[in-house]
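Here the structure is a predicted model, which is why all the values come from computation and not from measurement.
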Amino acid sequence: MKKFLEKGVVAKETPFEVAEASDVVITMLPSSSHVLDVYTGQNGLLHGGSLLRPWLLIDSSTVDPQTSRRLSTIISKCALKEKKGYAKTPFMLDAPVSGGVLGAEAGTLTFMVGGLEEVYLAAKPLFLSMGRHAIYCGGPGNGVAAKICNNLVMAVSMLGVSEAFCLGQSLGITANTLTKIFNSSSARCWSSDTYNPVPGVMEDVPSSRNYTGGFSSKLMAKDLSLAATSANEVGLKCPLMHQAQEIYTELCKEGHEYKDFSSAFRHYYPGKDEL
């Protein structure tokens with residue numbers, strides 16, 4: 001808050017004070033418990049009861065779909081203190097993002113949005129002011145459901161790429177050579193051509209900064225736990241998901257929870273920091 005105040009940005013002491021001064025509120029928090037606290041806790045955004053100042057609340061956290069749907073239901077039963085344009089009641093959208101720290105800095109995030117479609121269309125200019133893509137996923141909770149699926153793919157892909165690099169190096173192939181092969185063949189993917197896990201292969205990615213400044217292994221383990229819970233609820237067997245969850249949980253237990261999730265290359269397999 002001090003940093004932003006020094007830049008001339010208005011700051012408030014509590015979420016409720018933010019709500020009382022805002023037409024639109026956007027939240028992005030680590031877990032379901034944080035989201036519920038910020039929305040429904042003491043001095044939370046909904047502390048004022050059934051009369052709200054904001055017409056739109058957007059949560060860009062990665063949480064379980066049930067939390068998003070619960071909050072959407074609560075907000076749908078509230079009323080506006082003042083009518084805002086076409087909105088006669090407050091609305092909520094769940095809108096997690098893909099793109100990580102690099103995408104946020106570059107303004108290239110993808111928003112996966114759940115909620116009423118007409119509300120999504122009204123809010124789309126907001127999303128495109130912060131990112132490059134906004135994709136409507138369906139009703140409340142579907143945005144976070146899409147994000148959970150996206151991060152499942154991201155985790156499994158990163159582990160597959162890291163495992164292949166480790167095997168290739170052990171067989172005498174350099175990481176640079178393998179990267180050229182992957183990126184010009186059927187193995188090409190985001191984990192090889194944009195977010196390479198081998199230090200030094202790519203500039204400006206966490207692997208070349210000692211795995212700092214990215215998407216932490218702790219958050220990946222959390223998202224895989226959400227995926228596992230969702231899979232159990234619908235009766236799906238997802239063996240790769242469970243294996244990835246075990247690996248990232250192990251990384252966290254070994255003290256690497258705040259390292260970028262691509263650090264699995266070094267700390268789980270481990271691969272060689274050789275080009």
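- Note on Trp55 and Ile75: separate hydrophobic clusters, where clusters join Ile, Leu, Val, Met, Phe, Trp and Tyr whose side-chain heavy atoms are under 4.5 Å apart, directly or indirectly.
- When atom types are taken as modelled, the side chain of Ser76 and the backbone of Thr73 share a donor-acceptor pair closer than 3.5 angstrom.
- When hydrophobic clusters are built by joining Ile, Leu, Val, Met, Phe, Trp and Tyr residues whose side-chain heavy atoms come closer than 4.5 Å, directly or via intermediates, Leu71 is not grouped with Leu226.
- When the side chains of ILVMFWY residues are joined at heavy-atom separations under 4.5 Å, either directly or via intervening members, Val153 and Leu102 end up in two distinct hydrophobic clusters.
- Not counting sequence neighbours, the partners of Lys2 by the salt bridge (charged side-chain N to carboxylate O under 4.0 Å, His left out) test are Glu6.
- In this structure, Ser184 contributes its side chain and Lys180 its backbone to a donor-acceptor pair below 3.5 Å.
- Within the 4.5 Å cutoff, the side chain of Asn210 has heavy atoms near those of the Arg266 side chain.
- The CG atom of Leu109 lies 8.5 Å from the CE atom of Met130; values are rounded to the nearest 0.5 Å.
- The CG atom of Leu52 sits 6.5 Å away from atom CG of Leu57, with the distance rounded to the nearest 0.5 Å.
- The structure places CZ of Phe261 at 8.0 Å from CG of Asn151, a figure rounded to the nearest 0.5 Å.
- Atom CG of Asp223 sits about 11.0 Å away from atom CD of Gln245, to the nearest 0.5 Å.
- Judged by distance alone, with hydrogens and angles left aside, the side-chain atoms of Arg132 form no donor-acceptor pair with the main-chain N or O of Thr108 at under 3.5 Å.
- In the hydrophobic clustering of this structure, Ile148 does not group with Met112; members are Ile, Leu, Val, Met, Phe, Trp, Tyr whose side-chain heavy atoms approach within less than 4.5 Å, directly or through other members.
- Between His47 and Glu20 the shortest side-chain heavy-atom distance does not fall below 4.5 Å.
- Side chain to side chain, Thr179 and Asn196 meet the donor-acceptor criterion of an N or O pair below 3.5 Å.
- Between Pro54 and Val25, the shortest heavy-atom contact is CG-CG2, 3.9 Å.
- Using a 30° and 60° split on the angle between ring planes, Phe127 and Tyr120 fall in the parallel class, below 30°.
- Side chain to side chain, Ser262 and Ser207 fail the donor-acceptor criterion of an N or O pair below 3.5 Å.
- For Tyr195, the side chain to side chain donor-acceptor pair (under 3.5 Å) partners two or more places apart in sequence, or in a different chain, are Asp260.
- The NZ atom of Lys222 lies 10.0 Å from the CG atom of Leu224; values are rounded to the nearest 0.5 Å.
- For the residue pair Pro197 and Tyr211, the shortest heavy atom distance occurs at O-OH, 2.6 Å.
- The line from CE of Met154 to CG of Leu159 is 11.0 Å long, rounded to the nearest 0.5 Å.
- Side chains of Leu36 and Thr67 form a contact here, defined as non-hydrogen atoms less than 4.5 Å apart.
- Between the side chains of Thr174 and Asn176, no donor-acceptor pair is found at a separation under 3.5 Å.
- The nearest pair of heavy atoms linking Ile26 to Ser60 is CG2-OG, 4.2 Å.
- At distances below 3.5 Å, at least one donor-acceptor pair connects side-chain atoms of Asp64 with backbone N or O atoms of Gln66.
- Of all the heavy atoms in Ala19 and Leu45, the pair that sits closest is CB-O, 3.7 Å.
- Minimum interatomic distance between Asn142 and Cys137 (heavy atoms only, all atoms of both residues): ND2-O, 3.1 Å.
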Side chains of residues 162-173: which donor-acceptor pairs under 3.5 Å do they make with residues two or more places apart or in other chains?
from	atom 1	to	atom 2	distance (Å)
Ser162	OG	Met158	O	2.9
Glu163	OE1	Tyr269	OH	3.2
Gln169	OE1	Lys272	N	2.8
Gln169	NE2	Lys272	O	2.9
Gln169	NE2	Glu274	O	3.2
Ser170	OG	Cys166	O	2.9

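- The hydrophobic clustering, which links ILVMFWY residues whose side-chain heavy atoms are closer than 4.5 Å, places Val63 and Met28 apart.
- When atom types are taken as modelled, the side chain of Ser208 and the backbone of Gly200 share a donor-acceptor pair closer than 3.5 angstrom.
- A pairwise comparison of heavy atoms in Leu80 and Leu51 identifies O-CD2, 4.1 Å as the closest pair.
- In this structure, the side chain of Ser217 engages the main chain of Lys259 through a donor-acceptor pair within 3.5 Å.
- The backbone N or O of Gly143 lies less than 3.5 Å from a partner atom in the side chain of Asp94, making a donor-acceptor pair.
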